[in-house]
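Index from 1, following the sequence. Since this is a predicted model, take the numbers as computed values, not measurements.
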Amino acid sequence: MISLLVKEKLYINEVVLGTGFGVIIGPYVANVFTPREWGPLENTITLEVMRIVLATGLFAVGVELPCAYMKEHAKSLLIMVVPTMAFGWAVVAAVIQALFPQLNYISSLCIAACLTPTDPVTCAAITRGKFATKHVPVNIRRILSAESAANDGLAYPFLAISIYLTVETSVRTAIGKWFLVGWLYEVILGTVLGAVLGLLFSKLMRISHNKGFIDRESYIAQYLALSIFTIGIASTIGADDLLAAFAAGSAISWDGHFNIQTEDDVFSSVIDYVLNCGCFIYIGAWLPFDAYNSPEYGITPWRLVVLVIAILVLRRIPPLLVLYKFVPEIASWKEALFSGHFGPMGVSAVFVSALALTRLPTPEHPPADQAQYLAATIQPIVSFVVLGSIIVHGLSIPFFNMGRGVHSRTTSLTTTWTNRNRVTVPDWVLWARRAPDGSTVDGDVERGSNKIPGDPDGSSTNTPETCSPVVAITWIHDSAVTKRHSRGKDDSSPELVEVEAVNNHAEQANLDSSPPNDNQFKTVHFPSVQ
């Protein structure tokens with residue numbers, strides 16, 4: 001009833017609200033919903049609830065990325081995912097062992113593996129919504145979405161090597177199983193399986209659509225049906241179901257046909273919203289607050305608080321500040337710092353910790369060995385870090401909004417065109433560039449792409465700030481018209497309405513249609529386009 005007030009004014013999303021409501025109805029307040037009292041089934045139910053929510057979210061991320069995005073941005077994604085995850089895994093494990101000396105380093109690596117992946121559900125706060133559209137560049141949003149989806153599935157190998165080293169008596173056996181099972185079978189097979197299913201259903205749905213056999217509702221239903229079908233098959237054969245779901249989503253939208261058929265519907269957003277709300281209500285009621293003060297296991301509140309602070313500072317920020325120059329989507333150290341900060345832990349961390357418990361022995365009291373001690377401490381530590389991440393990352397957007405923000409913009413009647421961070425027109429406009437020869441840029445530039453006519457290799461040093469107003473306006477107008485005809489959009493497209501409104505303001509300002517000299521206009525003011 002007050003969703004616009006909460007989400008569009010206060011910038012508080014369902015992650016924070018759902019968790020808070022779960023705590024209220026949970027065993028420590030109202031005692032209405034008590035997942036931890038379900039006995040032996042509790043961990044299994046928790047695991048499967050998290051699995052379904054993650055799979056549908058990852059499938060949606062794959063669908064929403066531009067056509068063939070994973071192919072064009074594979075290098076950047078590989079640099080962001082693998083070194084960052086490996087660095088965070090090793091450093092967080094060292095911090096855990098220092099704070100909880102009863103855990104050895106291998107057990108600490110197992111807990112750190114649960115905290116390695118970025119949660120795509122919580123990350124949506126800065127990849128979707130009003131704040132993201134206004135303040136976060138589109139390339140940053142896309143690369144963070146893709147990264148949060150890819151590293152969820154890649155948490156399996158990090159967890160697997162830790163588990164094998166804990167439960168196997170031979171290091172050689174543990175490493176052999178890790179390579180054969182953890183990488184070749186789970187990761188590689190899961191990715192291939194998801195890609196094949198996505199491509200197969202994409203072809204079948206296109207054929208069915210051309211023959212007039214499928215209705216629109218069935219297209220939309222594939223968001224839920226295909227994601228659950230994919231994780232069902234992957235889980236049954238023991239492959240990486242999360243990577244399979246993401247690969248299926250990316251593959252089904254590879255040629256853009258599925259996106260065109262579903263782009264005007266909000267069903268996927270509604271499904272995501274309902275599942276996310278329910279999931280975080282579950283997490284709020286599931287949190288084991290009484291286990292956060294367990295001196296017999298070396299767990300005390302101050303140690304947990306120090307761990308959360310250390311993870312927020314050390315897990316992602318240092319490697320991204322070092323590596324961002326190799327990632328074209330990240331333009332400056334400020335954007336690298338922003339990207340490093342927004343690496344939230346949530347559903348994926350709970351899922352991996354529940355998965356780890358299925359491979360660990362049931363702990364006795366007191367624990368008989370290191371494996372049992374790990375089983376007794378993994379969820380209290382992981383769940384507290386998840387709670388801290390929900391609070392910090394969930395409330396970061398309101399904090400940024402109260403201050404200057406990462407990309408502050410003027411909200412007055414007029415808007416300065418020359419600063420890309422202050423433009424209120426669609427965010428993809430901000431990436432317009434002048435062609436190297438000074439001519440007007442054509443309209444066949446894909447939204448969000450840095451490549452422009454006359455600059456096929458993308459090597460131009462021009463920046464959005466060097467693009468003259470008329471060139472930018474001409475480009476966005478031509479681009480929108482081209483998209484309208486190629487995609488079959490009608491004249492009421494919101495994207496085109498905004499573009500034509502900006503173009504009309506330019507005509508009212510009596511700007512000449514030919515590109516002006518670079519110094520002819522220092523600043524051009526247009527009324528804000530809402």
Checking Val350, Leu275, Leu58 against Val53 for side chain to side chain contact (heavy atoms under 4.5 Å, CB included), the one that qualifies is Leu275
Does the distance from a Lys or Arg side-chain N to an Asp or Glu carboxylate O, for Glu329 and Arg142, drop under 4.0 Å?
no
When you look at CH2 of Trp38, are more than 12 heavy atoms from neighbouring residues, nucleotides or ligands closer to it than 6.0 Å?
yes
Min side-chain heavy-atom separation Asn151-Thr116 under 4.5 Å
no
Where the side chain of Tyr373 meets the backbone of Ala368, is there a donor-acceptor pair that is under 3.5 Å apart?
no
Can you tell whether the side chains of Arg141 and Glu64 come within less than 4.0 Å, N to carboxylate O?
no
Should Gln222 and Ser218 be marked as a side chain to side chain donor-acceptor pair (under 3.5 Å) after you check the CA-CA gap, both sets of side-chain angles, and the distance that decides it?
CA-CA 6 Å; Gln222 288 291 351; Ser218 296; over 6 Å; no
Ser389 side chain to Met345 main-chain N or O, any donor-acceptor pair under 3.5 Å?
yes
For atom CZ of Phe21, decide whether the heavy atoms of other residues, nucleotides or ligands shown that lie under 6.0 angstrom number more than 12.
no
Between Tyr324 and Ser339, does the side chain to side chain donor-acceptor pair (under 3.5 Å) criterion hold? Intermediate values first, please.
CA-CA 10 Å; Tyr324 82 89; Ser339 302; over 6 Å; no
Determine, step by step, whether Trp183 and Tyr164 satisfy the ring-ring contact (aromatic ring centres under 6.0 Å, His included) criterion, reporting the C-alpha distance in whole Å, the side-chain angles of both residues, the deciding distance to 0.1 Å, and the verdict.
CA-CA 13 Å; Trp183 278 104; Tyr164 288 139; over 10 Å; no
Would you confirm whether Asn43, through its side chain, and Ala354, through its main-chain N or O, come within 3.5 Å as a donor-acceptor pair?
yes
Please confirm whether the backbone N or O of Leu109 pairs with a side-chain atom of Trp89, one donor and one acceptor, at under 3.5 Å?
yes
Of Leu323, Thr118, Ile330, which is the lone residue that meets side chain to side chain contact (heavy atoms under 4.5 Å, CB included) with Met80?
Ile330
Check whether any side-chain heavy atom of Val63 sits under 4.5 Å from a side-chain heavy atom of Val61, and report yes or no.
no
Aromatic plane relationship, Tyr156 with Phe351 - under 30° parallel, 30 to 60° tilted, over 60° perpendicular
tilted
Any non-hydrogen side-chain atom of Met85 less than 4.5 Å from a side-chain atom of Phe158?
yes
Test your reading of the model: is there a side-chain donor-acceptor pair from Arg315 to the backbone of Gly343, 3.5 Å cut-off?
yes
Is the number of heavy atoms from other residues, nucleotides or ligands within 6.0 Å of CG (Leu5) greater than 12?
yes
Can you tell me which residue among Ser348, Cys114, Pro380, Ser383 is in a side chain to side chain contact (heavy atoms under 4.5 Å, CB included) with Ser353?
Cys114
Can you confirm whether Val95 sits close enough to Ile311 that some side-chain heavy atom of one is under 4.5 Å from a side-chain heavy atom of the other?
no
Is the closest side-chain donor-acceptor distance between Glu168 and Thr173 under 3.5 Å?
no
When you look at CZ of Phe289, are more than 12 heavy atoms from neighbouring residues, nucleotides or ligands closer to it than 6.0 Å?
yes
With no hydrogens and no angle check, do the side chains of Tyr28 and Asp290 hold a donor and an acceptor under 3.5 Å apart?
yes
What do you reckon, is CZ of Phe229 surrounded by more than 12 foreign heavy atoms closer than 6.0 Å?
no
